[in-house]
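Structure record follows, encoded as structure tokens.
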Amino acid sequence: MKRLSIHTPLLAATLAFCCSLPSPATAAKAHLDQTARLPNILFCIADDWGWPHASAYGDPVVKTPVFDRLADEGILFKNAYISSPSCTPSRNAILTGQYHWRLDTGASLYGALPQSEETYPHLLEKAGYKTGHWRKAWGPGKLEGKWADKHPAGENYKGGFAEFMESLPEGQPFCFWLGASDPHRGYKLHSGAESGMNLHEIELFEHFPDSPEVRGDVADYYFEVQRFDSDVGNAIALLEEKGLLDNTIIVVTGDHGMPFPRCKSNLYDAGARVPLAVRWGDKIKPGRVIEDFVSTTDLAPTFLEIAGLDPLDAMTGKSLTPLFKGNKSGRTAEDERPYVLTGKERHVPSQEAPNSGGYPMRALRNHDFLLIKNYAPDRWPNGTPNHQKAFIPGAWYADTDNGPTKSYIVDNKDKDDEHRRAYELCFGFRPEIELYDLAKDPGQLNNIADDPEYTATLKKLIAQLDADLEETKDPRAVGNAPFDTYPYGGGAPKFPGLRKEPKKKK
């Protein structure tokens, strides 16, 4: 047999190729060098923090210096909206980059995230990012199947962002979800006033009656907003200490409006509009204020794009990176973002037995009008007042969290015209179609859907909403919506003073 010599061309080529391959250690270093150039992602989300409750938006009482700093050093968004004004579907929509109505059981409070879906933290982890979260990320609900083994937002770091950063390998990019329970109820009574807030300077939503009880309740909410703001400040200080601030995109927002009547679980601006500020070093010109409509479903494709990844075909959100570029403020992409869609399925099974459903609705919001379509106007929009008949025993106006403002409005509904009006706006029945002229009625109090002057506008908006819902495969658009049939694993706000029956001995 002829022996191969070192001069055999095939062998020489093979040896040359093998010698050119990096060692495992060199390859690992090269991978770190490559991923180190990718931006870090710090996503900070408050629980039940709604627009316009930040000093950057002109609120005269609440103080949010950290949020304001990020807005000054980046972009302040004035028209940011959630997919659904309910915790679980809103967070599912953020994680998947899709409207909640595409997520089956995940479209409702305490609904599971479908096994067929993927989340942006998992996709980033596969691309070399270290991921993690602190406190409230996904939920509430029960994680099942693959999600029980691997949290949708990454590993839970009970020690917070500091613990996560201690575990971060040098040079590895990260994606961290900084959650909070603030400013979700309950509140320490009078905490706002005792902190020094001037209750007389609070600018109440127009649908609230003006009373010391309501002002004090809003101040207590503000107190927890400020506490969340300080949590974000601690995280930013840590980034500065480690020299990572300018290579980190920081996004701060809330999951929906404040936990007050006609706010959370409603599609008016008080429930569906949220604060949003984004800072990203020299990638964003500081001090810009953008009025284009954006959705928190846009965040997942944004995070993927800045990491060099393509969004999934299932994502309905649009990357915000085009808005990051340039020097313009105001309406910078009017043709691409002329309006936003929001919706709601079941928040709490708050109707009367045997009805286990919610109050389904969809909305289209542009610069001039808010259109809301209510699919079951015969139901109580924020739950039955008849707790004796409630599907969940004792449930009382159960789509609105209990608190001093809720109790005050209900207890004083017959006091005078102002209080009767507040009660009807917050808890009364609603027609199938609502339309609000925002130039004349920014508080969205006077429904003009039946006004002949707006017939053409109404027809156009309904056609646009229906077309978009059909395009996004909303089950409501095709009349086959199973949302009310899904199991519910949570509780409900109960009638005040309702005694719990003692458990019977077995």
Side-chain angles (χ1 to χ4, degrees), residues 39 41 43 51 57 70-71 74-84 90 93-102 120 123 249-253 267 269 272-280 283-343 362-373 436 438-439 457 460-474 477:
I41 299 167
F43 176 58
W51 169 92
Y57 291 110
L70 297 174
I75 296 175
L76 178 68
F77 288 88
K78 295 189 74 173
N79 284 303
Y81 289 76
I82 46 70
S83 179
S84 175
S90 177
I94 292 170
L95 285 162
T96 64
Q98 299 185 60
Y99 291 120
H100 65 287
W101 54 73
R102 296 166 55 88
Y120 76 79
L123 296 171
I249 181 170
I250 305 171
V251 177
V252 182
T253 190
L267 298 186
D269 279 5
R273 194 173 179 182
V274 289
L276 177 64
V278 180
R279 183 195 192 278
W280 188 13
K283 301 293 193 302
I284 293 177
K285 181 182 177 181
R288 295 172 62 205
V289 179
I290 287 183
E291 297 177 7
D292 302 302
F293 287 97
V294 300
S295 168
T296 50
T297 60
D298 298 332
L299 296 174
T302 301
F303 294 152
L304 294 179
E305 182 177 343
I306 67 173
L309 302 176
D310 294 327
L312 299 180
D313 290 340
M315 290 182 173
T316 55
K318 298 186 297 184
S319 174
L320 299 174
T321 55
L323 299 181
F324 296 165
K325 303 170 184 176
N327 303 321
K328 293 183 179 180
S329 288
R331 302 183 188 182
T332 67
E334 188 113 35
D335 293 339
E336 290 81 16
R337 295 177 177 274
Y339 58 86
V340 70
L341 304 182
T342 61
R362 301 288 185 268
L364 185 153
R365 169 67 153 87
N366 62 25
H367 290 291
D368 301 314
F369 296 96
L370 169 66
L371 167 72
I372 300 176
K373 178 182 284 191
Y436 299 93
L438 303 177
T457 296
K460 180 180 177 180
L461 292 174
I462 290 176
Q464 185 66 70
L465 175 62
D466 289 346
D468 285 356
L469 296 179
E470 185 174 348
E471 181 180 355
T472 58
K473 300 179 181 178
D474 183 353

(message) Surrounding NZ of Lys318 (heavy atoms of other residues, nucleotides or ligands, distance under 6.0 Å), is the total greater than 12?
(response) yes

(message) For Glu334, is the CD atom crowded, meaning more than 12 foreign heavy atoms sit under 6.0 Å from it?
(response) yes

(request) May I ask you to test the Asn79-Val340 pair for a side-chain heavy-atom distance under 4.5 Å? (result) no

(message) Could you measure the distance from the CZ atom of Phe293 to the CZ atom of Phe77? Nearest 0.5 Å is fine.
(response) 13.5 Å

(request) Return yes if some donor-acceptor pair links the side-chain N/O of Asp292 with the main-chain N/O of Thr332 below 3.5 Å, else return no. (result) yes

(message) Ignoring hydrogens, what is the shortest heavy-atom contact between Ala277 and Leu70? Give both atom names and the distance.
(response) CB-CB, 4.4 Å

(request) Test side chain to side chain contact (heavy atoms under 4.5 Å, CB included) on Ile462 and Asp466 and set out the steps. (result) CA-CA 6 Å; Ile462 290 176; Asp466 289 346; 3.5 Å; yes

(request) Answer yes or no: is there a side-chain heavy-atom contact under 4.5 Å between Phe369 and Leu461? (result) yes

(message) A side-chain contact here means heavy atoms from C-beta on lying under 4.5 Å apart; do Leu276 and Trp51 qualify?
(response) no

(request) Begin with the C-alpha distance, continue with both residues' side-chain angles, and end with the deciding distance and a verdict on side chain to side chain contact (heavy atoms under 4.5 Å, CB included) for Phe303 and Leu309. (result) CA-CA 9 Å; Phe303 294 152; Leu309 302 176; over 6 Å; no

(request) List the atom of Ser329, the atom of Gly287, and the distance in Å for their closest heavy-atom pair. (result) OG-O, 4.5 Å

(request) Sort out for me which residue in Arg102, Gln98, His100 forms a side-chain hydrogen bond (donor to acceptor under 3.5 Å, both in side chains) with Ser83. (result) His100

(request) Working to the nearest 0.5 Å, report the span between CG of Leu323 and CD1 of Ile290. (result) 5.0 Å

(request) Compare all side-chain heavy atoms of Phe324 with those of Thr302 and state whether any distance is below 4.5 angstrom. (result) yes

(message) Checking Arg288 against Asn327: is there a side-chain donor and acceptor pair closer than 3.5 Å?
(response) no

(request) State, with a plain yes or no, whether a side-chain heavy atom of Leu370 is found less than 4.5 Å away from one of Leu267. (result) no

(message) Salt bridge or not between Arg337 and Asp298? Use side-chain N to carboxylate O under 4.0 Å.
(response) yes

(message) Taking the side chain as everything from C-beta on, heavy atoms only, tell me whether Val289 gets closer than 4.5 Å to Lys78.
(response) yes

(request) Please name the pair of heavy atoms, one in Arg279 and one in Ile284, separated by the smallest distance, quoted to 0.1 Å. (result) C-CD1, 4.5 Å

(message) Does Ile249 form a side chain to side chain contact (heavy atoms under 4.5 Å, CB included) with Ile41? I'd like the steps, not just the answer.
(response) CA-CA 5 Å; Ile249 181 170; Ile41 299 167; 3.7 Å; yes

(request) Identify the heavy atoms of Ala300 and Met315 that sit nearest to each other, and give their distance. (result) CB-CE, 3.9 Å

(message) With rounding to the nearest 0.5 angstrom, report the CZ to NE2 distance, Arg331 to His367.
(response) 4.0 Å

(request) Taking all non-hydrogen atoms of both residues into account, name the closest pair between Ser90 and Ile82 and its distance. (result) OG-CG2, 3.8 Å

(message) For the backbone of Ile94 and the side chain of Thr297, can you confirm whether one donor and one acceptor N or O come within less than 3.5 Å of each other?
(response) no

(message) Donor-acceptor pair, distance only, cut-off 3.5 Å: does the side chain of Asp474 make one with the backbone of Trp101?
(response) no

(request) Could you tell me the separation between the CZ atom of Arg362 and the OG1 atom of Thr472, rounded to the nearest 0.5 Å? (result) 8.5 Å

(message) Just verifying a value: how many Å separate Tyr99 OH and Thr342 OG1, rounded to the nearest 0.5 Å?
(response) 9.0 Å

(request) Please tell me if the side chains of Asp269 and Tyr81 come closer than 4.5 Å, counting only heavy atoms from C-beta onward. (result) yes

(message) To the nearest 0.5 Å, what is the distance between CD1 on Ile75 and CG on Leu320?
(response) 8.5 Å

(message) Quick check: do Trp280 and Ile306 have side-chain heavy atoms less than 4.5 Å from each other?
(response) yes

